[in-house]
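As the structure lists them, so they are numbered: ligands from 1, and atoms in each ligand from 1.
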Amino acid sequence: MQSSARDYKPLSGKVAVVTGASCGIGAAISRQLAAAGAKVAMAARRENLLKEIQDEISKEGGGALAVKCDVTNRAEVKELIQHTESTLGPVDILVNNAGIWVIRCMKNLHEEEWDQQVDVNIKGVLNCIGAVISGMCERKSGHIVNMSSEYGMKPAVGFAVYTGSKFFVEGMSRTLRQEVCKDGVRVTCIQPGDVETPGLATTLTTMDDEQCKQLYTYPFPYPVLEPEVIAQAVLYAVTAPDHVAVNEILVQPREGPL
Ligand SMILES: NC(=O)C1=CN([C@@H]2O[C@H](COP(=O)(O)OP(=O)(O)OC[C@H]3O[C@@H](n4cnc5c(N)ncnc54)[C@H](OP(=O)(O)O)[C@@H]3O)[C@@H](O)[C@H]2O)C=CC1
Ligand SMILES: CC(=O)[C@H](N)C(=O)O
C-alpha cells in the first residue's frame, strides 16, 4: 500500500466529545476516533482513568483531552463543551455513551436506583445535546451519536427503568433527526447487545435480585462483543459521506439475537 493511503485519517481536523470515556465502550470509541485523526475530548468522573487513556492516545500520536465531568450536572457539561471548544475547536461529533444500569425487578422497590438511571441515561444525554446542538445547527454540520442498546428495542426482566431510558433515547433521537437533518446535523443510535465491559461484569456478578439470578449467568454461555466492535460501528457512522445518514446500527453477539 502507498504511504498516502496507509496514512489517510478520515477524521483529521474533526473534534469529538465522548462521554463515559474512562472505561469500557467509551474508552474504545475514544481510541478509535483518535486513531482515525479526530481530536477527542474524553469525559467521565474518574479523571485518573481518563488521563491514562489520554497518555496512551498521545503516545500513539493522537490528540486527546481528559475532562472530568458528571453528565448529570448541566453546568459541568456546559463547561466540558466550552473547554473543548476553546482548546480543540468546535465540536463536530458528540458521542453520548455514558450510561448505567441496575439489574433488579421493579417490585423490589429501589427508587433511588430508578432516579440514578434516569439522571444519567436520559437527563445526561439531554444535557450533552443541549450544550452542542445550536452550535452544530449554526455551523450547518455535526453528528450526534447516542449509545442506545438492544434493550432500546425489547423488554428485559430486571432492566425496566434501563430499557425505558433506552426507549427514550430511541424516540428522542428519531424526532431530533427529523428536526435537524436540514441543518446538516446527523443523529445515529447504536444498539449493542452484550458487550464485555467493567459495567457488565460488575452488574452481573453483584446482582442480588432472586428473580434475575434465575435468568442471567456470567460469564455468558457464548462469546459476547468486545468494546472495539462497537467503536467500529461508531466509526462507520461518523465517517459516512456527508449526505449519508447511518441512523441505526444494531450489533449483537451471533448467538444472542433479538
Ligand atoms: N456493556 C453492554 O453490554 C452494553 C452497554 N450499552 C451502553 O453502552 C454505554 C457504555 O456502557 P459500558 O461501557 O458497558 O459501561 P461501563 O460501566 O463499563 O462504563 C460506563 C462509563 O460511563 C461513565 N459514567 C457513568 N456515570 C457517569 C456520569 N454520571 N457522568 C459521566 N460519566 C459517567 C463511567 O465513567 P465514570 O465512572 O468514570 O464516570 C464509564 O466511563 C452505556 O450507555 C450502556 O447503556 C448498551 C448495550 C450493551
Ligand atoms: C446493559 C446490558 O446488560 C445490556 N445487555 C444491554 O444494554 O443490552
Under 3.5 Å between some N or O of ligand 1 and some N or O of Glu150? no
Which ligand 1 atoms, with their elements, are less than 4.0 angstrom from a heavy-atom of Asp194? 3 (O)
Does some non-hydrogen atom of Ser148 fall short of 4.0 Å from ligand 1? yes
Atom 33 (C) of ligand 1: which protein heavy atom is closest, and how many Å away? Ala98 CB, 3.7 Å
State the atoms of ligand 1, each with its element, that fall below the 4.0 Å cut-off from a heavy-atom position in Gly199. 16 (P), 17 (O), 18 (O)
Could you tell me which atoms of ligand 1, counted from 1 in the order shown, lie closer than 4.0 angstrom to a heavy atom of Leu200? 3 (O)
Ligand-side contact atoms (ligand 1) for residue partner Ser22, heavy atom cut-off under 4.0 Å: 34 (C), 35 (O), 36 (P), 38 (O), 40 (C), 41 (O)
Between Asp70 (side chain only) and Arg45 (backbone N and O only), is there a donor and an acceptor less than 3.5 Å apart? no
Report yes or no: does a heavy atom of Lys166 sit under 4.0 Å from some atom of ligand 1? yes
Selected option - heavy-atom contact closest to atom 31 (C) of ligand 1, from Pro253, Gly24, Cys69, Gly26: Cys69
Ligand 2: protein residues within heavy-atom distance under 4.0 Å: Trp101, Ser149, Glu150, Tyr151, Phe159, Tyr162, Pro192, Asp194, Leu200
Between Ser165, Gly20, Ser30, which one has a non-hydrogen atom sitting closest to atom 22 (O) of ligand 1? Gly20
Return the option from Cys128, Pro192, Pro198 holding the heavy atom at the smallest distance from atom 47 (C) of ligand 1. Pro192
Ile100 to ligand 1: N or O pair under 3.5 Å? no
Residue Asp70 vicinity, atoms of ligand 1 by number, heavy atom under 4.0 Å: 28 (C), 29 (N), 30 (N)
With salt bridge (Lys or Arg N to Asp or Glu O under 4.0 Å) as the criterion, how do Glu56 and Lys59 come out once you've worked through the C-alpha distance, each side chain's angles and the decisive distance to 0.1 Å? CA-CA 5 Å; Glu56 213 184 284; Lys59 278 188 195 134; over 6 Å; no
Give yes if a backbone or side-chain nitrogen or oxygen of Val71 is under 3.5 Å from a nitrogen or oxygen of ligand 1, and no if not. yes
Which atoms of ligand 1 sit under 4.0 Å from any heavy atom of Met147? 7 (C), 8 (O), 9 (C)
How close does the nearest protein non-hydrogen atom get to atom 19 (O) of ligand 1, and which residue and atom is it? Cys23 SG, 3.4 Å
So between Gly193, Gly99, Ala21, Ala44, whose heavy atom ends up nearest atom 48 (C) of ligand 1? Gly193
Which heavy-atom pair separates Leu33 from Ala16 by the least distance, and what is that distance? CD1-CB, 3.9 Å
For atom 9 (C) of ligand 1, the closest protein heavy atom turns out to be Asn97 O, 3.1 Å
Which residue owns the protein heavy atom closest to atom 5 (C) of ligand 1, what's the atom, and how far is it? Ile25 CD1, 3.7 Å
Are any of the N/O atoms in Trp101 less than 3.5 Å from those in ligand 1? no
For atom 44 (C) of ligand 1, the protein heavy atom that lies nearest, with its residue and separation: Tyr162 OH, 3.5 Å
Contact between ligand 1 and Tyr151 is defined here as a heavy atom of the residue under 4.0 Å from a ligand atom; is it met? no
